[in-house]
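From a predicted model like this one, the values you see are computed outputs, not experimental measurements. Counting starts at 1 for both ligands and their atoms, in listed order. If you read the sequence from its start, that first residue is 1, and numbering goes on from there.
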Amino acid sequence: MSYRTEEVAYVQPAQPGANAQATQQQRSTAEYRALDAAHHIHPFSDMGALNRAGSRVIVKAQGVYLWDSDGNKVIDGMAGLWCVNVGYGRKELADAAYRQMMELPFYNTFFKTTHPPVIELSALLAELAPEPFNHFFYCNSGSEGNDTVLRIVHHYWATQGKHSKKFVISRKNGYHGSTIAGGTLGGMGYMHDQMPSKVENIVHIDQPYFFGEAEGNLTPEEFALARAQQLEAKILEIGADNVAAFIGEPFQGAGGVIFPASTYWPEIQRICRKYDILLVADEVIGGFGRTGEWFAHQHFGFEPDLITMAKGLTSGYVPMGAVGLHDRVAKAIIENGDFNHGLTYSGHPVAAAVAVANLKLLRDEKIVERVKTDTGPYFQKKLRDTFGAHPIIGEISGAGLVAGLQLAQDPKTRKRFANGGDVGTICRDFCFNGNLIMRATGDRMLLSPPLVINKLEIDEIVSKAKKAIDATAQQLGIS
Ligand SMILES: *Cc1c(COP(=O)(O)O)cnc(C)c1O
C-alpha cells in the first residue's frame with residue numbers, strides 16, 4: 001500500500017505550550033494503522049499478528065501521560081522504554097535542541113576538533129558521577145555503549161600487555177542491547193536463537209533470580225552469594241589470565257526488575273578484584289536517578305571500572321549513549337596511543353546539548369533526591385501495602401521508582417504459573433485496556449515511571465495495576 005502526498009492535508013504543528021488535546025491529528029487511526037502495517041517493521045514484534053490486531057498510535061505526551069489517536073489518555077508506567085526520566089513535554093530540552101541546531105547542528109570529534117556541548121556534557125557528567133569517573137566516550141544507544149565497552153576492555157588489556165585476557169563473563173537473562181555484541185553479551189535465549197553469528201569469547205553464568213531459581217531453604221542472601229560465587233567458579237574454569245571483564249546490570253531491567261540481595265554485588269566486586277578482572281556496570285536503566293541514587297551501583301554499594309549509560313542520559317528526547325571510564329582505565333587508554341574506535345555521531349552536539357539540559361533539570365529540580373527521599377519510598381510502600389498479600393503476587397522487587405511484581409500460582413511456595421508468560425500477557429492486556437502502560441517480562445509485571453511522577457499519579461498507577469491484576473486473578477479463577 002502506498003499513498004500520494006498531495007492527499008495529505010497539511011496541519012500546522014502545535015504551538016509550543018499548546019496542550020495535548022488541542023493537537024490536531026493528521027490521519028484517522030485506521031489510516032495510521034494501515035500505513036504502519038504496510039510499511040513499518042517494529043522491533044521485537046510478531047509483525048503478522050501485530051498487523052492483524054493494529055498498533056496503538058501514540059500522538060502526544062505531557063508529564064507522565066500519553067494520548068493515543070483515539071483521544072484516550074494513558075498513564076505511562078514505563079517512562080517510554082525506561083528512559084523519559086524528566087517526563088514528557090519539557091521545553092528546556094526542546095529549546096536546547098533548537099538552539100544547538102541553529103548554532104552548530106553537527107560537527108565531528110574525530111580529527112583534533114571538539115565543540116562546546118560535548119565539553120559541557122563531559123564536565124557535567126564528571127561532576128555528577130562518583131569521584132573516580134572523570135572521562136566519557138559517546139555513542140548513540142545502550143547497545144553501542146556495550147559494543148564500546150568491549151572495545152575499551154580489549155584495548156585496556158592490550159595496553160597492560162595481557163593479551164590473553166579475552167573472555168567476558170555475563171549473565172543469563174541479562175539485557176545489554178541488540179547489536180551483535182549487545183545481543184551476545186545479553187543472556188536472552190530467544191535472541192541467541194536468531195543469532196547464528198555471535199561475538200567470540202563471551203560466556204554466561206546464572207542470574208540472581210531468587211523467586212524463580214532458588215532451591216531448598218536458601219535465604220535470599222545465601223542464594224545471591226551462591227550465584228555471585230558462580231563467577232569465581234567460571235573464572236577458575238577459564239583461567240584468570242584469560243578473563244577480561246564481567247558485565248552486569250546492577251538490577252536486571254528487561255529481565256524482570258530482578259533485584260539481587262545485598263550480598264551479591266560486594267561478592268562480585270571481591271572476585272573481580274581478586275582475579276584482576278574489569279567490572280562493568282550496565283547502567284542504561286539504573287543510571288540517572290532510577291533507584292534514587294544517580295547510579296544504581298551506588299544503591300548496591302560497589303565500584304565498577306566502566307559504566308554504560310544511555311536512556312535517562314537524554315531522557316529519551318534524542319538518542320545518546322556513553323561509557324564512563326574509571327580513572328585507572330582512562331589513564332591506560334589516554335597514555336597508549338590511538339584507540340581505533342568511534343562513531344560519526346560520537347558526542348553529537350544536539351544530543352549533548354539535550355543531555356546537558358536534561359541533567360541540569362535532574363540536578364537543579366532535585367528530581368533524584370525526591371525519588372530517594374519522597375516519591376520512591378512512597379511508591380515502594382504503596383506497592384507493598386497493595387500487593388503484599390495478593391493471591392497471585394509472589395514477590396515485589398525494586399527501589400526508588402522501579403518495581404517488579406511477580407505473578408505466581410502460589411506465592412507461599414514460590415510456585416510460578418505453567419507456560420511462563422501467558423499470565424503476564426493477560427495482565428498486560430488488562431493494563432493496556434485500562435489505560436495504564438505496564439510491561440510484562442514473562443510473568444513479572446514491570447513499572448518504571450517518569451521520575452517526575454507525583455503521589456497522586458503514583459496512586460493512579462497502583463490502583464490501575466490493582467484492577468488489572470485482580471481481573472487477571474479472576475480470569476484464572478483464583479481469589
Ligand atoms: C535498553 C538497554 C540497553 C540497550 O540500549 P539501546 O539504546 O536499546 O541500544 C542496554 N542495556 C540495558 C541494561 C538496557 O536496558
Using a strict 4.0 Å cut-off to heavy atoms of [X], name the atoms of ligand 1 that fall inside it.
X      : answer
Ile285 : 15 (O)
Ser143 : 4 (C), 5 (O), 6 (P), 9 (O)
Gly142 : 4 (C), 5 (O), 6 (P), 7 (O), 9 (O)
Glu249 : 13 (C)

Side chain to side chain donor-acceptor pair (under 3.5 Å) test vs Glu293 passes for just one of His299, Gln298, Lys372, namely Lys372

Does the distance from a Lys or Arg side-chain N to an Asp or Glu carboxylate O, for [X] and [Y], drop under 4.0 Å?
X      : Y      : result
Asp364 : Lys360 : no
Arg444 : Glu395 : yes
Glu365 : Arg90  : yes

message = With a heavy-atom distance limit of 4.0 Å, tell me whether Trp82 approaches ligand 1 through its side chain, its backbone, both, or neither.
response =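 Neither; no heavy atom under 4.0 Å.
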
Heavy-atom contacts under 4.0 Å between His176 and ligand 1: side chain, backbone, both, or neither?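 Contact part for His176 vs ligand 1: backbone (N, CA, C, O).
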
### Lys366 atom NZ: more than 12 heavy-atom contacts under 6.0 Å
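No, because the 6.0 Å sphere around NZ of Lys366 holds 12 heavy atoms or fewer from other groups.
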
Report task. For Glu144 and ligand 1, answer yes if some heavy atom of the residue is under 4.0 Å from a ligand atom, otherwise no. Result -> no

Nearest non-hydrogen contact to atom 11 (N) of ligand 1 from the set Leu313, Thr308, Asp282 belongs to Asp282

* Among all protein non-hydrogen atoms, which one is nearest to atom 2 (C) of ligand 1, and what is the separation to 0.1 Å? ->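 In this structure, atom 2 (C) of ligand 1 has Lys311 NZ, 2.6 Å as its nearest protein heavy atom.
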
Margin query: Under a 3.5 Å cutoff, is there a donor and acceptor pairing between the side chains of His326 and Glu303?
Written below: yes

The residue among Arg227, Lys274, Arg273 that forms salt bridge (Lys or Arg N to Asp or Glu O under 4.0 Å) with Glu232 is Lys274

